Every structure is written in structure tokens, then in C-alpha cells.
Amino acid sequence: MISQIHIQKCVNSRAKDLDFDNIPLGKTFTDHMFLCSYESGQWQTPKIVPLAAIPTHPAAMAFHYGQAIFEGMKATIDSNGTPILFRPEANAKRLNFSARRLGMPEFPESLFVEALKTLVGLDRQWIPSQQGSALYLRPFMYADEAFIGMRAATRYKFIVMASPSNPIYKKRIRLYAETNYIRAAQGGTGEAKAAGNYAAAILPTEAAKAKGYDQVLWLDAQNFKAIQEVGTMNIFFKINGTIVTPALDGAILAGITRMSAIELLRHKGFEVVERRLTIDEVIEASAKGHLEEAFGTGTAVGVAMIQDIGYESQIIHISNNNPVGQMVLETLNGIRTGKIPDDFNWMYSVEV
Ligand SMILES: *Cc1c(COP(=O)(O)O)cnc(C)c1O
């Protein structure tokens with residue numbers, strides 16, 4: 001069914017025009033994109049073509065019914081100049097988890113990895129080499145069948161774009177624990193990386209920013225008590241020596257950075273507990289002086305240290321010492337650039 005990736009290269013690379021120390025975040029794209037269409041019940045010939053706009057019918061079902069999912073991952077470069085990917089099979093599996101939840105066709109996992117390898121190999125001069133910088137990869141799938149009516153679409157596109165980035169949060173971040181809006185509930189789409197989850201989060205996120213916060217801390221849909229996660233990150237606390245992160249309860253996105261941080265912390269001898277954790281418990285730990293650290297994990301940021309959390313009329317301050325969060329960040333960055341041995345077999349070299 002799947003033929004070889006058909007490659008059409010650009011004539012002139014734009015990479016030489018980029019200042020790699022000052023990359024405009026989220027607006028810079030590499031020369032090429034990977035593209036594969038689904039029609040007549042199967043994925044068609046996969047292609048890599050120069051990045052360009054795609055003509056889309058105004059009735060494309062993704063616009064109306066929201067069948068749109070995505071992934072986020074990073075390619076880095078090791079000291080020999082070899083591009084490397086971080087656990088790409090995990091992203092392939094999660095894309096298909098999201099696809100099933102939204103009634104979309106699964107994309108072959110081996111082709112997903114092959115697409116990333118080929119695109120990253122072709123656009124390797126776009127991978128920034130500075131510590132903490134990376135080539136952000138955005139695989140996504142959407143329904144592009146022109147049809148008005150509520151059912152699963154029969155035509156889709158799977159695309160991978162690549163965007164170089166410098167480190168995102170250098171500062172510690174401020175979170176606002178939202179008590180009016182929710183991100184996800186059990187049985188909903190919170191476990192899927194669905195574009196619609198973000199649509200629901202935009203208004204509360206803009207409101208939190210207007211109050212001086214960086215992102216929303218989401219609480220559970222029933223009681224606004226159990227901590228779920230942050231806008232684009234999972235969350236970890238260190239309380240009285242133990243690392244606690246909310247258990248995946250069906251409404252939390254299973255972050256690959258989260259899973260990696262848990263494995264890394266346990267390997268280093270930390271006790272890591274995945275369980276229900278309420279905002280009241282965090283407030284109490286803070287009052288007793290037991291709240292030692294808080295940090296968020298996600299591909300885009302790596303690890304972001306948390307400065308404080310606004311909740312109703314209070315502000316929970318967190319110590320500005322983050323040895324554990326810092327260790328996780330430095331270890332992940334070190335493994336990603338080949339400076340720290342990859343004891344976990346997470347890295348996937350792209351031979352070019
Ligand atoms: C993508 C995402 C994360 C982080 O997942 P990673 O695989 O670590 O990048 C966390 N929360 C939400 C809502 C996300 O969409």
C-alpha cells in the first residue's frame with residue numbers, strides 16, 4: 001500500500017537567511033513539508049514538497065466539525081552533526097490514539113517515523129545547535145473532505161512541518177488555577193491531542209495572561225479541585241521529598257516528556273507518585289513549608305520552573321530553588337544533544 005516517499009526538493013534553501021540566535025518563535029518554517037492524503041479508504045503516495053499553502057475547499061470538514069489532531073516533537077543535533085529524534089514511536093502511537101478518538105484513520109507508525117527521518121534529513125541545516133534550541137516538528141492530520149453533514153470524513157491530510165526554535169521559557173512561570181472553565185472531562189477528548197481542546201482553552205488562557213499569568217492550571221471538571229495539567233504541559237510537584245504528578249485519569253494528555261521525566265527521576269532514585277492531587281493539598285503543603293518545587297514538562301518547553309500559582313484570592317508561592325526540575329531539564333537536553341549517555345535508548349539517530 002505505502003510506496004516510497006516521493007521527494008521534490010526546493011530550488012533555493014532559505015536557511016542561510018536565518019539568525020539562529022534570534023529565531024522568531026512559531027513563524028519560521030523550513031524549506032520542506034511532508035504530505036500524505038487519505039482517500040478511497042487508503043493513504044496515498046507520501047510526498048515531501050517545498051513548503052507551500054494548500055488550496056482547501058471552504059466545506060472542508062475540519063473547519064466545521066473539528067476533526068483535527070496534532071503532535072509536537074523535536075529534532076536536535078549531536079556533537080557529530082547527526083540529527084536525532086526523541087522517542088518518535090511514542091508520538092506515532094499517540095497520534096493514532098488521538099485519531100481513533102476523533103474517528104479518523106490511523107497513520108502507519110513506521111511511515112510516521114520514516115516521514116520525520118526523511119524530512120529532518122532533508123532540512124538538517126535548519127536544526128539549531130545551541131543548547132536548548134531545536135527543530136520543532138509538527139505532525140498533524142485533518143479532514144479535508146468537502147461535505148456539510150455530521151459524520152466521519154472520508155478524506156484527510158497528514159502533514160509534517162518543521163520550525164526551528166530557541167528555548168521558550170527561560171523565566172520561571174506563573175500559573176492561574178482556573179475555577180470557571182475546564183479543559184477536559186472524563187469521556188471527552190482531553191486525552192487526545194485534538195485541536196479543539198486548544199480552542200476551548202484560548203479564552204481562559206487570554207484571561208489568565210491579562211491577569212499577569214503565563215498559563216492556566218486546569219482543575220477537574222466535577223469539583224475544580226483535582227489538578228490536571230497546564231496549558232501545554234504536564235505538572236510535577238515536590239512535596240516533602242516526594243515527587244507527585246497527577247495520575248492519567250482519562251482527562252489528562254499523556255505527555256511523552258512526563259513519561260520520560262518519571263522514568264528519569266525513578267532511575268535517579270527519587271520516589272515518584274502518580275495520584276490524584278488537589279489544589280487544597282498544594283495550599284496546605286505550602287503553608288507547612290513542604291512545597292519544595294513545582295515544574296511543568298512538555299516538548300515545547302522541556303521543563304519550565306513554576307514561580308507561583310494564583311487560586312481564587314490567594315497566591316501560592318513556590319521556592320525559587322529548583323534542583324530537581326533543573327536536573328530533569330539538563331539531563332533531557334544533554335541526552336538530546338548526545339552530551340549525556342542515552343541510558344534509556346530514547347534517541348533515534350537520523351543517518352544522512
Ligand atoms: C502536548 C501536550 C502536553 C505535553 O506532551 P509532550 O509529549 O510532553 O510534549 C501536555 N499537555 C497538553 C494539553 C498537550 O497538548
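All ligand and atom numbering here is 1-based and tracks the order in the structure. Just so it is clear, the structure is predicted and the values come from calculations on it, not from any experiment.
- Within the structure, the closest approach of Arg94 to ligand 1 falls below 4.0 Å when heavy atoms are considered.
- Residues Thr257 and Phe86 form no side-chain contact, since every pair of their non-hydrogen atoms from C-beta on lies 4.5 Å or further apart.
- With a 4.0 Å heavy-atom cut-off, ligand 1 is reached by the backbone of Met233 but not by any atom from C-beta on.
- A perpendicular orientation is assigned to the rings of Phe344 and His267, their planes being inclined by more than 60° (bins at 30° and 60°).
- Under 3.5 Å, the side chains of Glu145 and Thr154 contain a donor-acceptor pair of N or O atoms.
- Proximity of Thr232 to ligand 1, defined as any heavy-atom pair under 4.0 Å, is confined to the backbone N, CA, C and O atoms.
- Proximity annotation for atom 6 (P) of ligand 1: of Ile252, Ile256, Leu253, Ile256 comes nearest, heavy atoms only.
- Counted by atom type alone, Gln130 and Asn166 present zero donor-acceptor pairs between their side chains at under 3.5 Å.
- With distances taken over non-hydrogen atoms, the option nearest atom 10 (C) of ligand 1 out of Glu191, Glu71, Lys193, Glu229 is Glu229.
- The shortest separation from a heavy atom of Ala90 to ligand 1 is not under 4.0 Å, leaving the residue out of contact.
- The local environment of NZ in Lys211 is crowded, with over 12 non-hydrogen atoms from other residues, nucleotides or ligands closer than 6.0 Å.
- In terms of protein heavy-atom proximity, atom 9 (O) of ligand 1 is nearest to Thr299 OG1, 2.6 Å.
- Heavy atoms of Thr257 found under 4.0 angstrom from ligand 1 belong to the backbone as well as the side chain.
- Not a single heavy atom of Met259 sits under 4.0 Å from any atom of ligand 1.
- Cluster membership check: Tyr176 does not share its hydrophobic cluster with Leu217, using side-chain heavy-atom separations under 4.5 Å among Ile, Leu, Val, Met, Phe, Trp and Tyr.
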